[in-house]
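Below, read A as the first sequence line, B as the second, and so on, with proteins coming before strands; counting in each chain starts at 1.
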Number of protein chains: 2
Amino acid sequence: MSKPTARARLAQAAFVLFDERGYEQTTVDDIAERAGVGRTTFFRHYRSKEDVIFPDHDRLLQLIRDRLSATSNSTALVAVSDAVRLVLLHYIDEGDLARRRYALTSKVSALRDREIVSVARYQRLFREFISDWMGDPTESASLRAELMAASVVAAHNHVLRRWLRGESPDPIAEMDEAMREVLALFPGPRSRPRVADGGTTVAVFRTGEDLDALLPALRRLIGGEPER
Amino acid sequence: MSKPTARARLAQAAFVLFDERGYEQTTVDDIAERAGVGRTTFFRHYRSKEDVIFPDHDRLLQLIRDRLSATSNSTALVAVSDAVRLVLLHYIDEGDLARRRYALTSKVSALRDREIVSVARYQRLFREFISDWMGDPTESASLRAELMAASVVAAHNHVLRRWLRGESPDPIAEMDEAMREVLALFPGPRSRPRVADGGTTVAVFRTGEDLDALLPALRRLIGGEPER
DNA sequence: CTTTGGAATGGTACTGAGTACCACAAGACT
DNA sequence: AGTCTTGTGGTACTCAGTACCATTCCAAAG
């Protein structure tokens, strides 16, 4: 244990110093010195000062990419859920480290911005995947893909932040529930109908809602023509 | 016309140079020199090199804030739509300038990141507004607010980018349509029911979809209990 | 007309992130 | 022995952004 890698020592030193003096008040020189290495070595291990806080963001992106591409058509939505769960699990694995990072990013706007940019990369990945999966090059399909990607990512962030703040005892269950809620928002891709040539579905509800107000949404959801 | 403000000259010079040599290859000194002012003056007018590309982002944010706060409870969703339209109109007003900026941000990752961060600020504004409007401090309500904000912003970006790429002849109509589509995703906040104590609504559809697959979504949409 | 006072400007010097390059040391393989 | 790789430290540079000071210009007040 006398020889943790220089990389690890740098990360350690960075977190300590950021806690002690704050992010802006800490220079890369400070970090390198405290880690007992040269300044050059710092930049060899981390592309930038911010990078020392988000080291495995690239690896995580690749993880998602892999999970998404290992997918048959029918399980696309499962793949999305899985990929999201993967990210959550990664953070949970980090445990306290993730929470310290969260505390930092909450205070330092430069880090917050950096995180936002990272999240946007995830979102882009999801958007492309969903778009490909839908196949439909239509304008409206493209919009739907964008909306789904945005929603999936938003849901993930929501649950993740709750856990980071210590407000969620069972984040995995919460994530699953949130993902279910999100996917319920979007009418499935015309999965091959169980009843080949279209059957008649009757739904009876007790509700105070006016039917006319609901019709557009219903039509979108079901895709059939209401008989009234 | 012999005396455009230094600020305007700087912006002009910046765009020309960015086009000519690219963003990274242009220093602030270059811009200042070309504009015929000192380097100090540049930073007096623009906080950073990136800022010269996105000058009125702050003003735009304030515009949205204002539109959102000038709202009575019943028109919240209208306010959201209006605010989004406001942003779109701003870009359309800029016309060619907006398109040049888009061309730049498409090539230069630093600018793209900067733009993403700006968009996140809008999203945050919408999220807070929607959350306040719903009033409900529930976990699930908070998630819904987040999802709505993300979707609204995603829809806006979608249409805006289409217009920037010259793919949309009538962006305003498209935006309205997109917003309608987005808001249709989310069941309205239990608007006071037309039928006071809950009536029975019967919907008959011709559809190949399996009813069981739809039930969760239907239940969410209508909020009543299906009788089957 | 002169004075005063504020606003915009230019210059100079500094900090600190990030890059380029070179030189050196410690194994590892032949 | 040598050579090749890999990790390292150091030095020097560019450039964004900040701080400070001195100047100029203009306008209102005397």
Side-chain angles (χ1 to χ4, degrees), chain A residues 1-55 57-58 104-105 107-115 117-118, chain B residues 2-55 57-58 104-105 107-118:
Chain A
M1 62 142 283
S2 58
K3 262 298 176 194
T5 68
R7 185 184 167 84
R9 282 209 314 282
L10 280 166
Q12 180 65 22
F15 267 95
V16 171
L17 289 175
F18 291 163
D19 277 344
E20 269 180 27
R21 324 181 189 171
Y23 179 80
E24 272 102 358
Q25 279 59 50
T26 305
T27 73
V28 172
D29 285 287
D30 295 337
I31 302 172
E33 190 190 2
R34 166 134 199 167
V37 300
R39 188 180 121 90
T40 314
T41 300
F42 177 93
F43 285 107
R44 260 194 212 97
H45 287 286
Y46 300 100
R47 263 170 289 178
S48 71
K49 185 179 167 188
E50 295 163 5
D51 236 40
V52 78
I53 309 282
F54 309 102
H57 150 237
D58 281 345
L104 268 177
T105 54
K107 287 187 205 306
V108 183
S109 69
L111 297 178
R112 191 167 43 243
D113 290 353
R114 170 68 192 266
E115 177 131 73
V117 168
S118 300
Chain B
S2 58
K3 263 298 176 193
T5 68
R7 185 183 169 86
R9 282 209 314 282
L10 280 166
Q12 180 66 23
F15 267 96
V16 170
L17 289 176
F18 291 163
D19 277 344
E20 269 180 27
R21 326 181 188 170
Y23 179 78
E24 272 102 357
Q25 279 59 49
T26 305
T27 72
V28 172
D29 285 288
D30 295 337
I31 302 172
E33 191 189 359
R34 167 135 197 165
V37 301
R39 191 180 118 90
T40 315
T41 301
F42 177 93
F43 285 107
R44 262 195 209 96
H45 287 286
Y46 301 99
R47 262 170 287 176
S48 70
K49 185 178 166 188
E50 295 163 4
D51 237 38
V52 78
I53 310 283
F54 309 102
H57 150 238
D58 281 346
L104 269 177
T105 54
K107 288 188 206 304
V108 183
S109 69
L111 296 179
R112 192 168 41 244
D113 291 352
R114 170 68 193 267
E115 177 130 73
I116 287 169
V117 168
S118 300

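- Put simply, NE2 on A:His45 is 12 Å from C1' on D:dG9, counting in whole angstrom units.
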statement: Protein-proximity profile, nucleotides 17-25 of chain D, B/S/- by nucleotide at the 4.0 Å heavy-atom cutoff, equals BB-------
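- Atom CG of A:Leu10 and atom C1' of D:dG7 are 13 Å apart (whole Å).
- In this model, the phosphate group of D:dG9 is approached by a side-chain N or O of A:Thr41 to a distance below 4.0 Å at OP1 or OP2.
- Taking atom CD1 of A:Ile31 as the reference point, atom P of C:dG18 lies 10 Å away to the nearest angstrom.
- Across every non-hydrogen atom of A:Ala6 and A:His45, the tightest pair is CB-NE2, 4.1 Å.
- The side-chain tip of A:Lys49 does not point at the ring of A:Phe43 from less than 6.0 angstrom away and within 45° of straight on.
- Salt bridge annotation for A:Arg34-A:Asp29: absent, with no cationic side-chain nitrogen under 4.0 angstrom from a carboxylate oxygen.
- Atom-to-atom, CG of B:Asp30 to C1' of D:dA16 comes out at 13 Å; the value is rounded to the nearest Å.
- Residue B:Ile53 contributes atom CD1, which lies 15 Å from atom C1' of D:dA16 at whole-angstrom precision.
- Ion pairing of B:Asp58 with B:Arg47 is present here, as a side-chain N (NZ or NE/NH1/NH2) and a carboxylate O approach within less than 4.0 Å.
- Nearest heavy-atom pair, A:Ala11 versus A:Tyr46, reported as atom, atom and distance to 0.1 Å: CB-OH, 3.6 Å.
- Using a 4.0 Å cut-off between a side-chain N of Lys or Arg and a carboxylate O of Asp or Glu, B:Arg114 and A:Asp113 do not qualify as a salt bridge.
- Here the C1' atom of nucleotide C:dG16 and the CZ atom of A:Arg21 are 14 Å apart, to the nearest Å.
- Using a 4.5 Å heavy-atom threshold, the side chains of B:Ile31 and B:Phe18 count as touching.
- Distance alone, capped at 3.5 Å, places no donor-acceptor pair between the A:Thr41 side chain and the A:Val37 backbone.
- Here D:dT14 presents its P atom at 15 Å from CD of B:Gln25, a figure rounded to the nearest Å.
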- request: Apply side-chain contact (heavy atoms from CB on, under 4.5 Å) to the pair B:Leu17 and B:Tyr23, showing each step before the final yes or no.
  value: CA-CA 8 Å; B:Leu17 289 176; B:Tyr23 179 78; over 6 Å; no
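- Checking A:Val37 against B:Asp29, the closest nucleotide of DNA chain D that is more toward the 5' end is the one next to A:Val37.
- Atom OH in A:Tyr23 sits about 13 Å away from atom P in C:dG16, given to the nearest Å.
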Atom pairs, protein N/O to nucleotides 5-7 of chain C N/O, distance under 3.5 Å:
none

